[in-house]
Amino acid sequence: MNPAVQRLLRIAMTTQPVRRLWAPFMRGRATIFMLHRFADPELGVNGHDPRFLRAALTYLRRERYELIDLVELFQRLRESAPNLDRAVAFTMDDGYHDQGAVGGEIFASFDCPVTTFVTTGFLDGSLWLWWDRIEYVFQHTSCTSLEVELGSAPLRYDFAPATRYRYAQADFTERCTKVAEPEKLAAIERLAAAAHVELPERPPRQYAPMAWDLVRDLERRGMRFGPHTVTHPVLSRTSADESRREIAESWRRLREQAKQPVPVFCYPNGQVGDYGDREIGVLRGLGFTGAVAGTIGYADAPAFHAGPEGPFRVRRFGYPHELSLLAQSASGLERVSQLVRGQA
């Protein structure tokens with residue numbers, strides 16, 4: 001079907017009169033959106049368009065969706081509250097400066113709650129995020145091909161003029177999520193050496209983190225903060241001791257710096273297999289009330305109560321790039337689509 005026709009159908013099927021049909025399918029379910037970077041053409045940062053976020057929040061307010069704090073949403077899930085179907089929560093992952101300076105301003109201007117999950121070592125200035133280091137290498141190399149070893153597998157990338165480094169960067173980054181943490185870090189160093197690119201000790205401006213002072217200022221304006229590890233490893237690729245340290249230390253550091261830290265954790269990468277019972281056990285032992293993942297789906301009370309691990313596997317939707325897709329998720333039309341596809 002033509003994309004323009006699909007868009008028009010989504011708009012028609014999520015208007016107020018029609019979406020009442022989807023309401024029964026959303027009983028006990030809410031929508032959480034996860035955001036990452038905000039676009040900054042001056043710095044060459046690709047990300048969410050601030051104008052679209054304003055349009056999305058305007059739409060949600062106009063259509064009388066309930067923009068809800070994540071802690072309150074978890075409480076309602078715990079109580080199996082019936083009034084979840086119109087609830088929408090927003091989260092941001094990682095702790096980049098633009099998330100606070102751009103996203104924080106917009107959410108505050110709409111009086112919309114948002115929880116930002118921060119990588120504490122990043123905010124402390126002791127590191128820059130590993131996928132940004134990969135991007136930096138591919139953007140700054142003058143090589144037209146690269147050979148590098150990752151997880152004992154030799155890789156070769158040739159940069160076609162049309163796509164340049166984009167495929168290579170995406171492929172190498174994805175492969176890095178599948179190997180042990182020490183090998184990933186060593187492979188990034190090998191990549192930089194092969195590309196003849198010197199990685200700066202601190203992240204350049206386009207990869208800069210929030211400052212802790214900004215965290216506290218944003219808290220005063222309504223933003224909440226949760227932990228997202230110290231260095232953002234894929235936890236299942238670390239040892240048991242390292243996984244525990246990443247979780248516990250990030251929580252300790254956040255409690256030192258933030259006034260009202262949220263006892264909800266966010267798994268790095270957050271896909272099936274990126275965390276497991278080991279991490280959930282640590283979180284429960286530290287007193288966390290739950291955790292959010294990166295797997296796509298609704299936050300729903302039945303799954304929340306499906307066992308002790310339920311509150312620690314709460315799903316989210318990626319933040320969409322157009323209003324009709326946002327409306328599809330928030331209205332429950334996506335839930336109906338999942339049922340039709342047999343994916344619910």
Side-chain angles (χ1 to χ4, degrees), residues 34-41 43-48 92-99 117-210 228-238 242 246 266-271 273-275 294 318:
M34 55 179 166
L35 294 85
H36 290 89
R37 301 297 306 270
F38 282 88
D40 187 335
L43 293 178
V45 177
N46 295 316
H48 308 301
M92 297 192 288
D93 293 2
D94 302 326
Y96 286 99
H97 176 77
D98 53 84
Q99 291 174 331
F117 293 101
V118 296
T119 307
T120 56
F122 182 42
L123 270 66
D124 281 336
S126 61
L127 57 95
W128 49 312
L129 296 173
W130 61 267
W131 59 89
D132 289 336
R133 298 171 71 210
I134 294 171
E135 180 178 85
Y136 184 92
V137 169
F138 280 109
Q139 286 186 343
H140 287 81
T141 185
S142 57
C143 300
T144 56
S145 65
L146 283 176
E147 293 185 6
V148 63
E149 187 176 285
L150 175 61
S152 75
L155 302 174
R156 179 182 173 87
Y157 296 113
D158 295 297
F159 306 145
T163 58
R164 212 168 153 234
Y165 59 85
R166 291 185 183 87
Y167 165 77
Q169 177 188 322
D171 182 73
F172 190 82
T173 303
E174 175 63 20
R175 288 173 183 271
C176 278
T177 67
K178 309 300 182 187
V179 300
E181 184 68 8
E183 169 58 16
K184 177 187 79 179
L185 299 177
I188 294 171
E189 293 297 329
R190 291 196 293 269
L191 176 73
H196 306 293
V197 173
E198 184 175 349
L199 285 164
E201 184 178 345
R202 293 183 176 275
R205 283 181 62 211
Q206 65 265 40
Y207 305 121
M210 285 186 203
H228 195 37
T229 70
V230 179
T231 68
H232 205 290
V234 174
L235 290 171
S236 63
R237 309 297 179 192
T238 65
E242 188 61 18
E246 287 279 348
C266 179
Y267 304 108
N269 215 44
Q271 302 302 310
D274 292 337
Y275 65 95

Taking every non-hydrogen atom, the tightest pair across Tyr136 and Glu198: CE2-O, 3.8 Å
Electrostatic pair Glu135:Arg166 at N-O distance under 4.0 angstrom: no
Are any of the side-chain heavy atoms of Leu199 and Val137 separated by less than 4.5 Å? yes
Regarding Thr238 and Glu246, do their side chains bring together a donor and an acceptor under 3.5 Å, going by distance alone? no
Within the structure provided, determine whether Ser142 and His196 are in side-chain contact (heavy-atom separation under 4.5 Å). no
Working to the nearest 0.5 angstrom, can you tell me the gap between Cys176 SG and Asp171 CG? 9.5 Å
Going by salt bridge (charged side-chain N to carboxylate O under 4.0 Å, His left out), name the residues that satisfy it together with Asp98, two or more places apart in sequence or in a different chain. Arg37
Shortest non-hydrogen pair, Gly95 vs Val118, comes out as CA-CG1, 4.0 Å
Ring centres of Phe122 and Tyr96 under 6.0 Å apart? yes
To check you understand the geometry: which heavy-atom pair defines the closest contact between Leu129 and Thr119, and what is its length? CD2-CG2, 4.0 Å
Would you give the length of the straight line joining atom CG of Leu150 to atom NZ of Lys178, rounded to the nearest 0.5 angstrom? 12.0 Å
Step by step, would you call His36 with Met92 a side chain to side chain contact (heavy atoms under 4.5 Å, CB included)? CA-CA 6 Å; His36 290 89; Met92 297 192 288; over 6 Å; no
ring-ring contact (aromatic ring centres under 6.0 Å, His included) for Phe159 and Tyr165? Distances and angles first, verdict last. CA-CA 6 Å; Phe159 306 145; Tyr165 59 85; 7.4 Å; no
Taking the side chain as every heavy atom from C-beta outward, state whether Leu191 and Phe138 have any pair of such atoms under 4.5 Å apart. yes
Interatomic distance, Phe172 atom CZ to Tyr167 atom OH [nearest 0.5 angstrom]: 12.5 Å
Gap between atom CG of Asp94 and atom CH2 of Trp131 - 0.5 Å precision: 4.0 Å
Distance-only donor-acceptor check, side chains Asp93 and His228, under 3.5 Å: no
Sub-3.5 Å donor-acceptor pair from the side chain of Glu183 to the main-chain atoms of Gly151, do we have one? yes
Hey, are the side chains of Trp128 and Pro204 touching, using non-hydrogen atoms and a 4.5 Å cut-off? yes
Are Glu147 and Arg190 within salt-bridge range, i.e. N to O under 4.0 Å? no
Shortest non-hydrogen separation from Ser236 to Gly273 and the atoms involved: OG-O, 2.7 Å
Do the non-hydrogen side-chain atoms of Thr177 and Trp130 ever get within less than 4.5 Å of each other? yes
Mind checking salt bridge (charged side-chain N to carboxylate O under 4.0 Å, His left out) for Glu242 and listing every partner two or more places apart, or none if nothing turns up? Arg245
On a heavy-atom basis, the closest approach of Ile134 and Thr173 is CG2-OG1, 3.6 Å
So do the side chains of Asp274 and Pro268 get within less than 4.5 Å of each other, counting heavy atoms only? no
If you define the side chain from C-beta out and look only at heavy atoms, does anything of Val234 sit under 4.5 Å from Glu181? no
Hey, are the side chains of Arg156 and Ser145 touching, using non-hydrogen atoms and a 4.5 Å cut-off? yes
Could you give me the CA-CA distance, side-chain angles and deciding distance for His97 and Arg205, then say whether side chain to side chain contact (heavy atoms under 4.5 Å, CB included) is met? CA-CA 9 Å; His97 176 77; Arg205 283 181 62 211; over 6 Å; no
Work out which heavy atom in Ala195 is nearest to a heavy atom in Cys143; give both atom names and the distance. O-SG, 3.8 Å
Begin with the C-alpha distance, continue with both residues' side-chain angles, and end with the deciding distance and a verdict on salt bridge (charged side-chain N to carboxylate O under 4.0 Å, His left out) for Lys184 and Glu189. CA-CA 9 Å; Lys184 177 187 79 179; Glu189 293 297 329; over 6 Å; no
